[in-house]
Enquirer: 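My structure is below; once you've seen it, I'll send some questions.
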2 protein chains.
Amino acid sequence: MQLTLQDIQAAKKRIAPYINQTPILTSSLLNEWLGHEVFFKCENFQKIGAFKARGGLSTVTWLMETGQQPKQIVANSSGNHAQAVAYAARQFDIPATIFMPEYSSQIKIRATQGYGAKVVLSATRDETDALVREAAKEAGTYWIPPFNHEQVICGQGTAAYEALSELEPIDAVFAPCGGGGLLSGTLIATRGLSPKSQVVGVEPLNANDAAESLRKGSIQRLTGIPNTLADGAMTMAVGELTFEYLKQLDQFYEVEEEAMIYWTQWLSHLLKIRLEPTCALPMEGVRQWLKTQTTKQRVLVIISGGNMDQPTMQKIWARDYLQRPPTLVA
Amino acid sequence: MQLTLQDIQAAKKRIAPYINQTPILTSSLLNEWLGHEVFFKCENFQKIGAFKARGGLSTVTWLMETGQQPKQIVANSSGNHAQAVAYAARQFDIPATIFMPEYSSQIKIRATQGYGAKVVLSATRDETDALVREAAKEAGTYWIPPFNHEQVICGQGTAAYEALSELEPIDAVFAPCGGGGLLSGTLIATRGLSPKSQVVGVEPLNANDAAESLRKGSIQRLTGIPNTLADGAMTMAVGELTFEYLKQLDQFYEVEEEAMIYWTQWLSHLLKIRLEPTCALPMEGVRQWLKTQTTKQRVLVIISGGNMDQPTMQKIWARDYLQRPPTLVA
């Protein structure tokens, strides 16, 4: 069953008391340089520092509202979803156990524990997957997956919903693609609220399983850990639910690492925010898309989050891209 | 003549149409760790990316209001003041020439030109000083100095004024010390609006001319270019005007480079903003001050700006301080 705007609106209503209505930022300098208007919905200022808080809360509030309150919640994640579920469960005093690979960043492990969740570490992602599957069998346990879940998708869609409600008319909406939850929710919200707007997905070229899946018409898996700094887009494959929405996108771009790091530096500089490299992917999509446009456009970019550890910061700032200001020509 | 709250209010009224009412951010995690409430007035989101826009605009709007509109405006600066004066002059279509040392960051030079000012580069700071003095002699020319000017001081004070108007009661206000303009304005605003609040200045230990001046009771100059990453606090000496206000501070801290970089990383991580190392100085002052307090305190920190080039980012993130969360004990 296709989710609709009403489902997004219901999620928004449920989660409103627990999340931040995040700001929309612009850069007059960037708009001048590009000759278009770009709006950034800044989910780095969301609870837990990323849009994922929306999906976690959407699911937990839906469980509460439908009389399905579980005795405990479990999840597996190396990143923002771990914190999102921990944060959401805590709002309703539901015990949460999060299975995380040992290589997860210390900061994210500590933050997840800080939100009151029990963290179980294991050596590989496969082991965490096996452990969460096992734990989910226990009576009264609810497993919140990171993207392939209707209420997670609806929660993620509330970011675009808020932004479009504020900004309409918008010509195109851009979001990064990991497992496809954010993009699916963004698509549903945009089709409902602003049917003429295009919805565009962007993925790292080095982790382009979604683009491959769209080309081949069936879900493709990455074969090894991808070589990308976009840790939010490193998901091995999109989900069956999200793939159906991804097929409805108007456009999909694959972005090289250098272009992503270029935009991470520039958006950080122009907007004065801390943002993950994953968030900078859509901006290169915006640039490529704007080059094909003949009239002045108003576009919306979802800045997905701002949680990075020090090694990632070092890699982002290893070279100097700030010497070369953005243009549509280059 | 001592400036008063009325002067700050007049400046605020004049500049309001041209500046951003910047947001006040908090971190629930930080407040939990410290056991106090810390509010951050985020001038990194100010026009030109720093509080300096306030002082520039305060002076230009005062010139306009008092019938002193000059034919041209000149200034000398290697940093944010250059952009601030260029931006302010442009709002009234007054031609501006900014004298900058060649070693200024390319980004700041380009941004100053981007605001429509003519930039004249020379090899040393002494040469720019000589050139601006010469240029200021020309008829119809007004020279806006970076801090030692009443209207500049009043402009900078509007940041604390806005924050206190929103947050009262506040127990203490912290700001970094470069030439003393921001601290002087902050002192005037706080004494007027919240007379019981302490006002505290913070300076890098490696550029502690203000602390030395306060100890000796007369203005002391740095003898060479100081070894600090706080480029906003590298001013060689405070001004005669600002020194009179600095003498009225309740407390003054000198901070080591490592503590400053520690807080740059942590505030960036917790608040999800881009901030200059200079802004992180006050936070170490806050930590030291809070250790001396026996009851729960509400403190305000002025985050002065967010303009850094890539080499500075590299230096900030060279080591990993995010493994060690903030406490009052350490």
Side-chain angles (χ1 to χ4, degrees), chain A residues 20 22-23 25-30 32-33 42-50 83 87 105-111 113-115 261-262 264-276 279 303 305-325, chain B residues 20 22-23 25-30 32-33 42-50 83 87 105-111 113-115 261-262 264-276 279 303 305-325:
Chain A
N20 296 330
T22 52
L25 299 183
T26 58
S27 161
S28 52
L29 217 45
L30 180 67
E32 201 172 298
W33 285 336
C42 290
E43 288 294 300
N44 56 311
F45 294 120
Q46 190 47 271
K47 299 285 180 195
I48 76 118
Q83 296 174 69
Y87 177 79
S105 93
Q106 281 301 314
I107 285 186
K108 288 184 176 172
I109 294 172
R110 206 179 294 118
Q113 292 166 330
Y115 295 123
I261 296 171
Y262 174 90
T264 307
Q265 291 194 2
W266 271 100
L267 293 184
S268 160
H269 174 61
L270 291 169
L271 301 174
K272 305 302 176 203
I273 61 172
R274 180 174 173 86
L275 79 169
E276 299 180 12
C279 315
I303 296 290
N307 293 330
M308 289 94 75
D309 53 14
Q310 177 265 350
T312 304
M313 288 301 287
Q314 241 186 349
K315 285 173 196 155
I316 293 169
W317 293 97
R319 290 182 56 187
D320 189 355
Y321 294 107
L322 294 182
Q323 300 292 336
R324 184 162 52 82
Chain B
N20 296 330
T22 52
L25 299 183
T26 58
S27 161
S28 53
L29 215 46
L30 180 68
E32 201 172 297
W33 286 335
C42 289
E43 288 294 300
N44 56 311
F45 293 120
Q46 190 47 269
K47 299 284 180 196
I48 76 117
Q83 297 173 70
Y87 176 78
S105 92
Q106 281 300 315
I107 286 186
K108 288 184 176 172
I109 294 172
R110 207 181 294 117
Q113 292 166 329
Y115 295 122
I261 296 171
Y262 174 90
T264 307
Q265 290 194 2
W266 271 101
L267 293 184
S268 161
H269 174 61
L270 292 169
L271 302 174
K272 305 301 177 202
I273 61 172
R274 179 176 175 84
L275 79 169
E276 297 178 14
C279 317
I303 296 289
N307 293 329
M308 289 94 75
D309 53 14
Q310 177 264 350
T312 304
M313 288 302 287
Q314 241 186 348
K315 284 174 197 157
I316 293 169
W317 293 97
R319 290 181 57 187
D320 189 356
Y321 294 108
L322 294 182
Q323 301 291 337
R324 184 162 53 82

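A, B, ... follow the sequence lines: proteins, then strands. Residue 1 opens every chain. Scope of the values below: all heavy atoms of this structure, side chains included, with no hydrogens, waters or symmetry mates.
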Enquirer: Using modelled atom types only, decide if a donor and an acceptor are shared between the side chain of B:Lys272 and the backbone of A:Asn44 within a distance under 3.5 Å.
Expert: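 No; zero donor-acceptor contacts below 3.5 Å.
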Enquirer: Decide yes or no for A:Thr312 and B:Trp317: does some side-chain heavy atom of the first lie under 4.5 Å from some side-chain heavy atom of the second?
Expert: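 When only atoms from C-beta onward are counted, B:Trp317 and A:Thr312 do not touch, as no gap falls below 4.5 Å.
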Enquirer: Which residue out of B:Pro311, B:Gly114, B:Pro325 racks up the most heavy-atom pairs below 4.5 Å with chain A?
Expert: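 Result: the option with the highest number of such pairs is B:Pro325.
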Enquirer: Is there a donor-acceptor contact under 3.5 Å from the side chain of B:Arg110 to the main chain of A:Gln323?
Expert: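 A pair under 3.5 Å: yes.
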Enquirer: Using non-hydrogen atoms and a 4.5 Å limit, figure out which bit of A:Leu271 sits close to chain B: side chain, backbone, both or neither.
Expert: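 Looking at A:Leu271, just its backbone touches chain B.
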Enquirer: Could you tell me which of A:Leu25, A:Asp309, A:Asn307 has the largest number of non-hydrogen atom pairs under 4.5 Å with chain B?
Expert: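 Among A:Leu25, A:Asp309, A:Asn307, the one with the most close pairs to chain B is A:Asn307.
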Enquirer: Does any backbone or side-chain atom of A:Ile107 lie under 4.5 Å from a heavy atom of chain B? Answer side chain, backbone, both or neither.
Expert: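 When you check distances to chain B, only side chain atoms of A:Ile107 fall under 4.5 Å.
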Enquirer: Using non-hydrogen atoms only, which part of A:Arg319 is less than 4.5 Å away from chain B: side chain, backbone, both, or neither?
Expert: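 When you check distances to chain B, only backbone atoms of A:Arg319 fall under 4.5 Å.
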Enquirer: As an exercise: rank B:Met308, B:His269, B:Gln314 by heavy-atom pairs under 4.5 Å with chain A and give me the winner.
Expert: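 That would be B:His269.
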Enquirer: Classify the ring geometry of A:Trp266 against A:Tyr262: parallel below 30°, tilted from 30° to 60°, perpendicular beyond 60°.
Expert: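 Ring orientation of A:Trp266 relative to A:Tyr262: tilted.
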Enquirer: Within the 3.5 Å criterion, strictly below it, is a donor on B:Thr22 or B:Glu43 matched to an acceptor on the partner's side chain?
Expert: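 Distance-only check passes for B:Thr22 and B:Glu43.
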Enquirer: Measuring only between side-chain heavy atoms, which start at C-beta, is A:Thr264 closer than 4.5 Å to A:Tyr321?
Expert: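 Not in contact.
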Enquirer: With a 4.5 Å cut-off on heavy-atom pairs, point out which of A:Gln106, A:Glu32, A:Met313 contacts chain B the most.
Expert: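 Maximum pair count with chain B is reached by A:Met313.
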